[in-house]
Amino acid sequence: METIAAISTAQGNGGIGIIRMSGKDCFKILEKIFIQKNNQSIEEIQGYTMKYGYIIDYETKEKIDEVLVSYFKEPKSYTTENMCEINSHGGMIIEQKILEQCLLAGATLAEPGEFTKRAFLNGRIDLTQAEGIIDLINAKTTQEAKASFNQLQGSLSEKIEEIRQDILNVMANIEVTIDYPEYDVEEVSNSQAIEAINKIKEKLYKLEKSFDTGKILKEGIRTVIIGKPNAGKSSLLNAILNEDRAIVSKTEGTTRDTIEEMISLHGIPLKLIDTAGIRNTNDEIERIGVDKALKLSNEADLIISIFDNTKNLDEEDLKILDIIKDKKAIILLNKIDEKDNHLENAKEMQDIKKTIIKISAKNKDGIEDLYNKILEMFSFNEININDGNLITNIRHKDLIKKASYSVEEAKKGVEIGAPIDLVAISLKQALEELSSIVGKNASDDIISEIFSKFCLGK
Ligand code: GDP
């Protein structure tokens, strides 16, 4: 494979920049543009060492930058090929210039994700690990980073392998029946097979289900705060945002004119929808009132509805209760520092059976209760991110679903006494689907698509 090169550090000015090369001829190319201080031959240089020197212009031989170069010798490198990393000064122009020399000296510009793709194609990591790397780089919260890191360490691969072994065991048992029909083992092995298949189904189901949490970990709990004017929405927003929970990012929302803000709630991302609508306008009608709430609540995972507890419920409050009645929602009764009107006792409040939390947005009382409730509602307390039982990727979810279906088919086959080899076909199908998760038989298109999402130089 040709030798590839790319700038691996992010664009912009920084202390250092790293230009990376990988491929058989990596060191030959490097030699043409790098003058080492202590001129050692490549045979003498050990892997995992760094050399000090200068990058020179390929044509004029003029010194360009003072650098340190790390050497990685095959197969002990990120890609398993010969690799080097040129640590230059971290300016865009100088990094670009060094990259140019690598290309002039014989390297080809790497595509996004090509280093990691090589690590995958050369068998050092599987597809879930590669996907873990991209997720780790893009993680917006500590919990997401943790889940991605575990995936990159192979936790999901292990889980998938465990389920594959379970299926192989069932197949082996079934094949005994085919091979030795003269022994009347069919009855026994049928019930055993069903029991084993049920266990497999249960494992697959758990994994599939974990995607609900995994997706949220990746994309945030889409949350909308609603309430009529003066209920205390912007005060609540301030109470949430003013704490040291950093705003992770601000993006245009999917609905026109909305702004989404990602905050990290004990490491779990909360995507607040249309906070701008609450904060930036003095026009009361513009604030997230009933009409807009109706629209936004349809795209939300969670509605936080806020009521002024010093007042009685009015028409508008009732409309809000109506909006949230079939949704995942929390009711906040605000301004408990003032007068307590005990809105929680109102029949309409009780009827919809939502969690009610009393708060004072002004004094930031009750906000912690709100956080804890959210964590509880989305089962974050139960999920163990470490054990590989959490999937965050839709591709994995789809394949697990397919495998589940195939396993179900196998079970039905056993139940109705279908020919054993038909049952085996369904089980083989499930095995293949699980193999695709780790990339054993993934098509080129899928592989290209996955790696195209990587950044340059990774
Ligand atoms: P919004 O229209 O829903 O965004 O409501 P604001 O957050 O602007 O609050 C409306 C009014 O209620 C303001 O005068 C706030 O100071 C007041 N307010 C908000 N939260 C509280 C609270 O917890 N206690 C008290 N006493 N007043 C509050």
Side-chain angles (χ1 to χ4, degrees), residues 221-247 250 252-253 255-263 265 270-325 327-346 348-349 352 354-374:
I221 301 171
R222 293 177 58 82
T223 307
V224 62
I225 302 174
I226 64 172
K228 64 180 190 190
N230 278 325
K233 292 179 295 299
S234 60
S235 307
L236 172 69
L237 191 62
N238 286 337
I240 296 175
L241 297 182
N242 282 351
E243 289 191 35
D244 50 11
R245 293 174 174 78
I247 298 177
K250 255 189 184 182
E252 293 291 321
T255 311
R256 202 167 55 90
D257 296 339
T258 62
I259 295 277
E260 294 175 350
E261 271 173 289
M262 192 86 116
I263 63 160
L265 196 175
L270 205 65
K271 191 178 249 184
L272 294 167
I273 311 174
D274 208 12
T275 47
I278 297 177
R279 214 186 330 205
N280 293 342
T281 169
N282 295 320
D283 179 356
E284 294 293 356
I285 301 157
E286 268 278 309
R287 295 187 169 204
I288 304 189
V290 178
D291 290 344
K292 202 159 184 191
L294 185 61
K295 204 168 82 186
L296 289 180
S297 60
N298 287 330
E299 41 174 300
D301 301 314
L302 171 69
I303 303 174
I304 299 177
S305 58
I306 179 164
F307 298 83
D308 186 340
N309 194 34
T310 62
K311 305 228 170 76
N312 291 329
L313 291 178
D314 67 10
E315 272 304 302
E316 231 174 339
D317 289 321
L318 295 183
K319 271 193 208 158
I320 291 173
L321 287 175
D322 192 50
I323 291 175
I324 67 171
K325 73 172 188 289
K327 302 252 159 56
K328 218 169 191 166
I330 295 175
I331 292 174
L332 298 181
L333 301 184
N334 189 27
K335 313 195 187 180
I336 49 158
D337 55 297
E338 276 192 31
K339 161 176 147 215
D340 191 348
N341 226 342
H342 294 292
L343 282 184
E344 72 274 20
N345 295 334
E348 295 90 340
M349 277 280 169
I352 66 166
K354 300 287 173 201
T355 300
I356 298 175
I357 301 172
K358 289 192 170 188
I359 66 159
S360 163
K362 191 165 112 187
N363 298 343
K364 299 194 180 130
D365 283 337
I367 305 294
E368 204 57 37
D369 295 341
L370 170 65
Y371 292 146
N372 289 333
K373 186 65 207 171
I374 296 173

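As the structure lists them, so they are numbered: ligands from 1, and atoms in each ligand from 1.
The closest approach between Ala231 and ligand 1 falls below 4.0 Å for a heavy atom of the residue.
In terms of heavy atoms, Glu344 sits closest to Met349 at O-CB, 4.0 Å. Minimum interatomic distance between Asp308 and Lys335 (heavy atoms only, all atoms of both residues): OD2-NZ, 3.1 Å.
Residue contacts with ligand 1 for Asn230 involve both N, CA, C or O and side-chain atoms from C-beta outward (heavy atoms, distance under 4.0 Å). Of the heavy atoms in Asn334, only side-chain atoms (C-beta onward) come closer than 4.0 Å to ligand 1.
In terms of N/O distances under 3.5 Å, ligand 1 is not approached by Ile359. For ligand 1, one of its N or O atoms has an N or O atom of Lys233 under 3.5 Å away.
Looking only at side-chain heavy atoms (C-beta outward), Ile273 and Thr223 stay at 4.5 Å or farther from each other. Looking at Met262 and Leu270, their side chains never come closer than 4.5 Å, going by heavy atoms from C-beta outward.
Salt bridge Lys319/Asp322: absent, no basic N to carboxylate O contact under 4.0 Å.
A donor-acceptor pair shorter than 3.5 Å cannot be found between the side chains of Lys362 and Asn334.
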Take Lys373 and Ile357 through the test side chain to side chain contact (heavy atoms under 4.5 Å, CB included) and record every step on the way to the result. CA-CA 9 Å; Lys373 186 65 207 171; Ile357 301 172; 3.9 Å; yes

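Counting atoms of ligand 1 from 1 in the listed order, those under 4.0 Å from a heavy atom of Lys362 are 20 (N), 21 (C), 22 (C), 23 (O), 24 (N), 25 (C), 26 (N), 27 (N). Interface of Glu338 with ligand 1, defined as ligand atoms under 4.0 Å from a residue heavy atom, comprises 25 (C), 26 (N). Of all atoms in ligand 1, numbered sequentially from 1 with element shown, those under 4.0 Å from a heavy atom of Pro229 are 2 (O).
Considering Ala239, Ser234, Ala361, Ser235 only, the shortest heavy-atom separation from atom 15 (C) of ligand 1 involves Ser235.
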